[in-house]
Number of protein chains: 2
Amino acid sequence: MGRPKAGEPELGRELIAETALDILDSEGLEALSLSQIARVLNVQTSALYWYFKSKAALYEYLCELIFRRVLDDVDPSLTGRDLLYAFGRGFRSNARSSRDAAKLISVGGVSEGLRTELIPGLLRRVAVGGISPLEARQAVTAIEALSLGWAIFEGSQNPVVGEVMRQTNDQNDSAFERALHALAYGFGTDSAKKNPA
Amino acid sequence: MGRPKAGEPELGRELIAETALDILDSEGLEALSLSQIARVLNVQTSALYWYFKSKAALYEYLCELIFRRVLDDVDPSLTGRDLLYAFGRGFRSNARSSRDAAKLISVGGVSEGLRTELIPGLLRRVAVGGISPLEARQAVTAIEALSLGWAIFEGSQNPVVGEVMRQTNDQNDSAFERALHALAYGFGTDSAKKNPA
DNA sequence: ACCTGAACACCGTTCAAGT
DNA sequence: ACCTGAACACCGTTCAAGT
């Protein structure tokens, strides 16, 4: 044991990341450690440092992976506000399908690929029609924030969301969708520009 | 050393919590450990267990403390949608004033006082006029989610918000305020109930 | 190139023992 | 009641050494 057995998948960034997401799913963020990953993979903890220079680097990689999956699930033909809406839905449903994924994102750093490739691409697709680049950036920020925050509360035992959860899932889904809709389609319109009395 | 000196503040939940928030502020969530708190306070780590039964219990206490401060800053005469708006602003500005406070909230659990006292009180103040209790719960959830998510992105090096940050603070503030307004005043209205084509 | 094995400083938690 | 001191299992990281 400890050495590659025939028939066993080869150690690498992919396998390490998948194992990490499995642990995140089954045991939560607290239990997600390099030691635990190594234990599952039957290697020494130090072996992981050949593929990731630190725990933070692994976390960045995981965040990018999650983000990439969300974008892959979104209809590529969508643009503008419809894209905003679909992105928010995908972000939350993905975060909800994997326990503590939202916590990971809130704690993990931002990778190079995310900063230079994925986000700019998303922004370009949102900034169409009457939506300026600045407006697109602000809207994406708002959608990301709502979806991430919502997923965090859903994952935790938050009392507010907890109550909402105890109602039917339909009602809860619609609560999120209503908020999302208010943001995606209400942001930057006249009704959102007015200040309250 | 190690024993209470005359003139030194007495060890207790208050002092431990304040020290913890100081560390959170100056060194971030990663550096916030029981050992570090004990080191600053010149006591043994095990001494802290007299006041908190675990690290998680301390985190809960800190979350409740932060939440309480946010509510204390909100004009007590506000109700309904105006309260929603003010609560969101306070939540984010408080989270922003203390580094990694948002991360702490996303990771920390929910205390008894928060669940049974603070949140129900907030809900009661929101559910006035044309706003039903269910609607109030959903709206508070949405506002909390947006404000928490926004604060997390602000605290991190998120690329989207990072870009927005590099613009003037006014612009960034107004981006958040616009999103907040869309939620507080757009949620539950006719425009938010319609589904996109 | 890829992994082991040992070492280091740090962490959360428990518990007997002191005062 | 309140705190020390020692112990335990676990963690991230480094690095020489093997193949």
Output the distance between atom [atom1] ([X]) and atom [atom2] ([Y]), rounded to the nearest 0.5 Å.
{"X": "D82(A)", "Y": "D75(A)", "atom1": "CG", "atom2": "CG", "result": "10.0 Å"}
{"X": "I152(A)", "Y": "S106(A)", "atom1": "CD1", "atom2": "OG", "result": "4.5 Å"}
{"X": "L180(B)", "Y": "L84(B)", "atom1": "CG", "atom2": "CG", "result": "8.5 Å"}

Does S46(B) get its side chain close enough to the base of dG5(D), under 3.5 Å, for a donor-acceptor pair?
-> yes
May I have the distance from [X] (atom [atom1]) to [N] (atom [atom2]), rounded to whole angstrom?
{"X": "K53(A)", "N": "dT13(D)", "atom1": "NZ", "atom2": "P", "value": "10 Å"}
{"X": "L48(B)", "N": "dC3(D)", "atom1": "CG", "atom2": "P", "value": "10 Å"}
{"X": "Y49(A)", "N": "dT4(C)", "atom1": "OH", "atom2": "C1'", "value": "15 Å"}
{"X": "E10(A)", "N": "dA1(C)", "atom1": "CD", "atom2": "C1'", "value": "12 Å"}
{"X": "Y59(A)", "N": "dG12(D)", "atom1": "OH", "atom2": "C1'", "value": "11 Å"}
{"X": "L58(B)", "N": "dT13(C)", "atom1": "CG", "atom2": "P", "value": "10 Å"}
{"X": "L41(B)", "N": "dC3(D)", "atom1": "CG", "atom2": "P", "value": "11 Å"}
{"X": "K55(B)", "N": "dT13(C)", "atom1": "NZ", "atom2": "C1'", "value": "12 Å"}

Heavy-atom pair with the smallest gap, counting every atom of A101(B) and A95(B) |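 Residues A101(B) and A95(B), closest heavy atoms: CB-O, 4.0 Å.
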For E135(A) against I131(A), the heavy-atom pair lying closest together | OE1-CA, 3.8 Å
When both distances are under 3.5 Å in a Watson-Crick or G-U wobble arrangement, the nucleotide paired with dT19(D) is dA1(C)
May I ask which nucleotide in the shown strands pairs with dA9(C), Watson-Crick or G-U wobble, both distances under 3.5 Å?
->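 Paired with dA9(C), as far as the under-3.5 Å criterion goes, is no nucleotide at all.
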Whichever of W50(B) and S54(A) has its nearest DNA chain D nucleotide further upstream toward 5' |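 Going by which nucleotide is closer to the 5' end, it is W50(B).
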Side-chain N,O (Y51(B)) to OP1/OP2 (dC3(D)) below 4.0 Å = yes
Does OP1 or OP2 of dC3(D) have a side-chain N or O of Q44(B) closer than 4.0 Å?
->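 It does not, given that no N or O in the side chain of Q44(B) lies less than 4.0 Å from OP1 or OP2 of dC3(D).
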Are L62(A) and L24(A) close enough that some pair of their side-chain heavy atoms sits under 4.5 Å apart?
-> no
Give, ordered by number, those residues of residues 17-39 of chain B having at least one heavy-atom distance below 4.0 Å to an atom of DNA chain C; if nothing qualifies, reply none.
->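 DNA chain C contact set from residues 17-39 of chain B: S33(B), L34(B), S35(B), R39(B).
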Is the shortest side-chain N to carboxylate O distance from E60(A) to K53(A) below 4.0 Å?
-> no
Measure from the side-chain heavy atoms of V43(B) and tell me the nearest of dT13(C), dT4(D), dT4(C).
->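 So the nucleotide nearest the side chain must be dT4(D).
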